[in-house]
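Reviewing the structure listed below.
Both ligands and their constituent atoms are indexed starting at 1 by order of listing.
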Amino acid sequence: MATRKQLHLGAFMRPVSLHAGAWRYPGARPDANFNLAHLVRLAQTLERGRFDAFFMADHLAVLNMPIEALKRSQTVTSFEPFTLLSVLAGATERIGLVATASTTFEEPYHVARRFASLDHISGGRAGWNIVTTANPDAALNFGLIEHMEHDERYVRAREFYDVVVGLWDSFADDAFIRDTGSGLFFDPDRMHTLDHKGKYFSVRGPLNIARPVQGWPVVVQAGASEAGRQLAAETAEVIFAAAPNLAAGRAFYADVKGRLDALGRPRDHLKILPGAFVVVGDSVAEAREIRAKLDSLVHYDSAIASLSIALGQDASRFDPDGPLPDIPETNASRSARERVIDLAQRENLTVRQLAQRLGGYSGLAFVGTPASIADEMEEWLESEGSDGFNVTFPFLPAGLDAFVDKVVPELQRRGIFRREYEGTTLREHLGLPRPENRFFRKD
Ligand SMILES: Cc1cc2nc3c(=O)[nH]c(=O)nc-3n(C[C@H](O)[C@H](O)[C@H](O)COP(=O)(O)O)c2cc1C
């Protein structure tokens with residue numbers, strides 16, 4: 001039997017879940033943000049489920065939402081990701097460990113060092129989610145009054161990336177001779193000093209860390225804009241996409257893989273994993289009830305703030321228990337407004353229900369039985385909507401346990417997901433090549 005195309009699964013994590021009502025769900029851990037034992041258990045369960053990677057999203061400021069919403073959000077605080085992932089590296093053996101680091105507010109030397117360290121500590125399991133940071137409030141925490149303009153952030157990101165990978169290549173893989181007899185620790189001809197001088201950075205090098213186990217930690221991107229997609233096509237090995245449905249997913253997939261063709265990069269050197277919120281039930285009706293209960297736990301004050309943002313006008317004026325009134329177009333996002341109006345009509349939602357849906361988790365969702373969820377994932381995989389998913393769980397730990405215990409076996413039974421890890425590094429899980437050192441080529 002020919003081997004079937006394989007799904008890749010990342011876990012898109014926040015300690016309590018990304019859903020705004022999750023910390024209030026029965027059985028959830030409201031203290032999860034600083035509960036290390038809980039987070040270790042989640043990573044170990046994901047590893048038991050043979051996930052490719054554990055990804056901890058991260059921000060450099062509290063989220064820029066009105067205080068009425070922020071005061072009810074569990075996302076307001078969490079561990080700094082490197083400290084956390086270093087501990088998780090010791091508590092797991094195979095699962096990849098991906099952290100976010102910002103190219104707008106960090107220095108490339110720091111970022112290169114931290115990821116190289118994590119890669120050595122974890123035996124080759126590190127991944128860097130390159131973000132340019134969308135939240136303008138982050139600027140206020142770094143001595144700036146204004147956030148750098150969007151496209152310029154991506155120009156800086158490109159130079160930042162070049163410096164980081166150049167630093168990772170500071171030493172040839174065989175540079176460290178450690179010859180106790182002659183007293184020679186490393187071969188100076190196998191060390192490269194970068195001497196980078198560019199528009200944004202001046203970095204001499206070399207990096208004071210041996211070449212990472214994976215050569216380079218896996219490079220991940222989540223940008224959606226034109227500039228973000230192009231940077232991803234040029235540099236990324238994984239994209240965390242935000243497609244809300246299969247049609248949008250296929251269009252994004254075709255666009256990004258087409259950019260790879262134009263650049264002469266093999267298509268399978270970049271895996272596209274859309275974020276997917278997965279709610280598992282014993283029946284579709286039960287899964288929908290779980291979701292409705294979870295959505296109902298999003299406080300109205302924060303829910304209505306999300307609806308107002310999506311519609312570009314103050315939704316607190318509407319009758320919460322009536323249907324959505326006619327909404328004229330505004331200057332805010334047109335696609336968001338249309339998506340919201342369409343959702344309200346399709347599912348016949350009241351203003352309150354609609355707001356709670358948006359305030360909870362409004363992106364791509366698979367809500368159903370293990371079989372129906374596997375059907376949808378398989379359809380995405382086979383129709384070139386994605387190469388897998390960045391799965392996010394409705395509440396923790398129960399939502400994650402349900403996925404690992406019920407959905408993963410169904411995917412394995414269909415032959416589209418591994419039963420055992422075959423390699424030890426994140427690159428091997430993802431089927432990505434180990435990059436050659438650009439300064440010490442073998443030929
Ligand atoms: C699955 C996913 C994960 C993301 N994780 C982060 C994150 O951890 N930190 C962050 O600042 N932005 C994160 N983002 C935001 C993206 O980096 C990016 O800013 C956003 O998708 C908008 O794209 P653009 O910057 O190209 O306009 C994430 C986006 C997605 C879809």
Side-chain angles (χ1 to χ4, degrees), residues 8-19 33 51-65 75-82 84-85 97-106 111 115 127-142 147-158 160-161 218-236 238-245 248-249 252-253 255-256 259 271-278 309 333 335-336 361-365 385-393:
H8 293 285
L9 296 180
F12 183 11
M13 302 294 286
R14 294 295 290 157
V16 187
S17 154
L18 273 99
H19 192 289
N33 284 323
F51 266 64
D52 293 66
F54 176 107
F55 161 56
M56 183 59 81
D58 187 51
H59 303 276
L60 293 171
V62 297
L63 291 185
N64 51 332
M65 42 171 85
T75 61
V76 68
T77 56
S78 62
F79 284 125
E80 184 286 314
F82 275 85
L84 175 67
L85 293 188
L97 300 165
V98 180
T100 292
S102 170
T103 53
T104 301
F105 296 107
E106 307 231 35
V111 167
F115 281 96
W128 170 29
N129 178 32
I130 299 183
V131 300
T132 58
T133 303
N135 181 354
D137 288 357
L140 305 177
N141 293 334
F142 292 87
H147 197 19
M148 188 183 282
E149 185 272 324
H150 181 277
D151 284 10
E152 189 182 356
R153 295 203 298 271
Y154 278 100
V155 177
R156 178 180 155 110
R158 177 63 221 233
F160 194 114
Y161 164 87
V218 173
V219 174
V220 181
Q221 262 266 290
S225 58
E226 167 64 31
R229 289 176 189 211
Q230 190 56 27
L231 178 73
E234 289 170 14
T235 63
V238 175
I239 297 190
F240 292 157
N245 55 49
F252 183 83
Y253 192 97
D255 176 278
V256 172
R259 290 174 196 247
K271 312 291 180 196
I272 299 181
L273 311 183
F277 179 75
V278 180
I309 290 169
S333 165
S335 59
Y361 186 89
S362 62
L364 173 65
S386 75
D387 298 309
F389 295 94
N390 204 14
V391 181
T392 192
F393 307 97

### Message
Under the side chain to side chain contact (heavy atoms under 4.5 Å, CB included) test against Phe389, which residue among Leu273, Ile272, Leu364, Val278 passes?
### Response
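The option that passes is Leu364.
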### Message
Run the side chain to side chain donor-acceptor pair (under 3.5 Å) test against Asn129 and tell me which residues pass, sequence neighbours left out.
### Response
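Thr100.
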### Task
With sequence neighbours excluded, give me every salt bridge (Lys or Arg N to Asp or Glu O under 4.0 Å) pair touching residues 131-142.
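Those involving residues 131-142 do not exist here.
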Under a 3.5 Å threshold, I'd like every N/O contact between ligand 1 and protein atoms, with atom names and distance.
unit_1   : atom_1 : unit_2 : atom_2 : d
ligand 1 : 8 (O)  : Asp58  : N      : 2.9
ligand 1 : 8 (O)  : Asp58  : O      : 3.4
ligand 1 : 8 (O)  : Thr100 : OG1    : 2.9
ligand 1 : 9 (N)  : Asp58  : O      : 2.7
ligand 1 : 21 (O) : Ala222 : O      : 2.9
ligand 1 : 23 (O) : Ala224 : N      : 3.1
ligand 1 : 25 (O) : Tyr154 : OH     : 2.7
ligand 1 : 26 (O) : Tyr154 : OH     : 2.8
ligand 1 : 26 (O) : Ala224 : N      : 2.9
ligand 1 : 26 (O) : Ser225 : N      : 2.9
ligand 1 : 26 (O) : Ser225 : OG     : 2.6
ligand 1 : 27 (O) : His150 : NE2    : 2.9

### Query
When the ring centroid of Phe105 is compared with that of His147, is the distance short of 6.0 Å?
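Ring centroids of Phe105 and His147 are less than 6.0 Å from each other.
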### Message
Going by side-chain contact (heavy atoms from CB on, under 4.5 Å), name the residues that satisfy it together with Glu234, two or more places apart in sequence or in a different chain.
### Response
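For Glu234 the side-chain contact (heavy atoms from CB on, under 4.5 Å) partners, ignoring immediate neighbours, are Arg158, Gln230, Leu263.
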### Message
Taking Arg156 first and then Glu149, would you say they form a salt bridge - that is, a charged N and a carboxylate O separated by under 4.0 Å?
### Response
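Salt bridge between Arg156 and Glu149, a charged N being under 4.0 Å from a carboxylate O: no.
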